Amino acid sequence: MGKSKVLVVGGTGYIGRRIVKASLAEGHETYVLQRPEIGLDIDKLQILLSFKKQGAHLIEGSFNDHKSLVDAVKQVEVVICTMSGVHFRSHNILLQLKLVEAIREAGNVKRFLPSEFGMDPARMGHALEPGRVTFDEKMVVRKAIEEANIPSTYVIANCFAGYFVGNLSQLGRLTPPKDKVYLYGDGNVKVAFTDEEDVATYTIKAIDDPTTLNKTLYIRPPHNILTQSELIQKWETLSGNKLDKISISADDFLASMKGFDLAGQVGVGHFYHIFYEGCLTNFEIGEGSEEASKLYPQVEYTRMDDYMKIYV
């Protein structure tokens, strides 16, 4: 079997551009949706043109033009959607319903990977308001995919290192704190961290793999399942800088939500589920699911010790 042709929707975004790069690196004929809605966003256009230089095909299509989406989808066998689902960037999860309808009508797609790449929404039915909307909407998209009988894979990438590791999992910043660090509870809840390039690599490995068809693929590399305390300890060893640790109780952390705008409140809720409940690691990966680092041991994934070196 040859390698599938791939269409990436949301290819200029944070995870999308890495998936385009990984798709090209793995030798897939790679298409990227170019949406007229980018208007005068020169940065997005230049990213798209850089993909073209690397060998990707740009294909025009709009969520406001159903036929253009159907025509785009008909060019490929695999569609990967990486549209943003976070409130501090843009929150477009339900736009994917238009893409699902186009895939259903085209009838040729052998695998669809919707915009997941975070926590498993199927396990977040208990999530707090207002952040639960992320999971509820992802489940609406899953339901539409399954009702349309579209072959799929759901990729659960857990905590992106860029947002959770360099900052030692501190809200509101992306770089390591200099003097003090806030611990969630005792800091001993296990969390799964992932390098974004590895997420893209594993995603592309999965698209032609029958093992992952109609399954959930968790990216939980064993060396990157760490507590917040272990993460801080690794940073202190690397940097030679000891930090003051301030523990925040679950109640105090949730009470802090009142002082944030909507995006901040969503973030507080998600952090609570990750760092107090342990929602990323408090279950076994069972039937109907696979773990990426076990399926693809040939991928030498980035360990968080190495990831943090750039911040020293």
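Quick note: numbers below take in every heavy atom, side chains included, and nothing from hydrogens, waters or symmetry partners. Computed from a prediction, not measured in an experiment: that's the story for all the values here.
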Single-linkage hydrophobic cluster, 4.5 Å side-chain cutoff, [X] and [Y] together:
X	Y	answer
Leu213	Tyr202	no
Val133	Met139	no
Val189	Phe193	no
Ile225	Val199	no
Ile204	Ile156	no

Under 3.5 Å, is there a donor-acceptor pair between the side chain of [X] and the main chain of [Y]?
X	Y	answer
Gln265	Phe260	yes
Ser68	His66	no
Glu26	His28	no
Thr153	Thr212	yes
Asp305	Lys234	no
Asn92	Leu95	no
Glu77	Lys5	yes
Gln96	Ile93	yes
Tyr276	Phe253	no
Asn214	Ser152	yes

Heavy-atom side-chain contact between [X] and [Y] under 4.5 Å:
X	Y	answer
Val165	Leu231	yes
Lys245	Ile232	yes
Asp186	Ser247	no
Val155	Ile219	yes
Ile285	Glu290	no
Tyr301	Tyr296	no
His57	Val32	no
Asn158	Met119	no

Find the distance between [atom1] ([X]) and [atom2] ([Y]) and round it off to the nearest 0.5 Å.
X	Y	atom1	atom2	value
Leu94	Ser115	CG	OG	11.5 Å
Lys215	Asp209	NZ	CG	9.0 Å
Leu7	Glu29	CG	CD	11.5 Å
Arg142	Glu137	CZ	CD	14.0 Å
Lys309	Leu238	NZ	CG	7.0 Å
Asp41	Leu48	CG	CG	9.5 Å

How close do [X] and [Y] get, counting heavy atoms only, and between which atoms?
X	Y	value
Asn108	Val76	ND2-O, 2.7 Å
Thr194	Ala157	OG1-O, 2.7 Å
Ala72	Ile59	CA-CD1, 3.6 Å
Ile15	Glu196	CD1-O, 3.8 Å
Gly118	Lys138	N-NZ, 4.3 Å
Leu69	Lys98	CD1-O, 4.0 Å

Applying salt bridge (Lys or Arg N to Asp or Glu O under 4.0 Å), run through Lys190 and Glu230 and close with a yes or a no. CA-CA 9 Å; Lys190 291 282 187 186; Glu230 287 170 336; 3.4 Å; yes
For [X], look at atom [atom1] and say whether over 12 heavy atoms of other residues, nucleotides or ligands are found less than 6.0 Å away.
X	atom1	result
Glu284	CD	no
Gln54	CD	yes
Ile310	CD1	no
Lys67	NZ	no
Glu129	CD	yes
Lys143	NZ	no

Check the pair Arg104 / Glu101 against salt bridge (Lys or Arg N to Asp or Glu O under 4.0 Å), numbers first and verdict last. CA-CA 5 Å; Arg104 187 196 63 75; Glu101 182 55 30; 2.5 Å; yes
Answer with yes or no after comparing the ring centroid distance for [X] and [Y] against a 6.0 Å cut-off, counting only values under it.
X	Y	value
Phe164	Phe271	yes
Phe117	Tyr154	no
His126	Phe135	no

Identify whether the distance between the nearest side-chain nitrogen and carboxylate oxygen of Arg35 and Glu60 falls below 4.0 Å. no
Measure from NZ or CZ of Arg220 to the centre of the six-membered ring of Phe283 and say whether it is under 6.0 Å with the direction within 45° of the ring axis. yes
Test the Arg17-Tyr14 pair against the cation-pi criterion, namely NZ or CZ under 6.0 angstrom from the six-membered ring centroid and within 45° of the ring axis. no
Apply side-chain contact (heavy atoms from CB on, under 4.5 Å) to residues Ile80 and Val6 and explain how you reach the verdict. CA-CA 7 Å; Ile80 304 173; Val6 177; 3.9 Å; yes
Test Ser62 against Glu37 for side chain to side chain donor-acceptor pair (under 3.5 Å), laying out the working first. CA-CA 7 Å; Ser62 169; Glu37 289 84 0; 2.5 Å; yes
Could you go through the side chain to side chain donor-acceptor pair (under 3.5 Å) check for Ser4 and Arg111 one step at a time? CA-CA 10 Å; Ser4 291; Arg111 193 80 65 99; over 6 Å; no
Assess the residue pair Tyr182 and Phe275 against the criterion (ring-ring contact (aromatic ring centres under 6.0 Å, His included)); give the C-alpha distance rounded to whole Å, side-chain angles, the decisive distance to 0.1 Å, and a yes or no. CA-CA 12 Å; Tyr182 290 99; Phe275 292 101; over 10 Å; no
Test side chain to side chain donor-acceptor pair (under 3.5 Å) applied to Ser289 and Thr216, step by step: CA-CA 5 Å; Ser289 308; Thr216 299; 4.6 Å; no
Checking side-chain contact (heavy atoms from CB on, under 4.5 Å) for the pair Lys205/Leu295: CA distance, chi angles, key distance, verdict? CA-CA 9 Å; Lys205 292 278 185 203; Leu295 268 189; over 6 Å; no
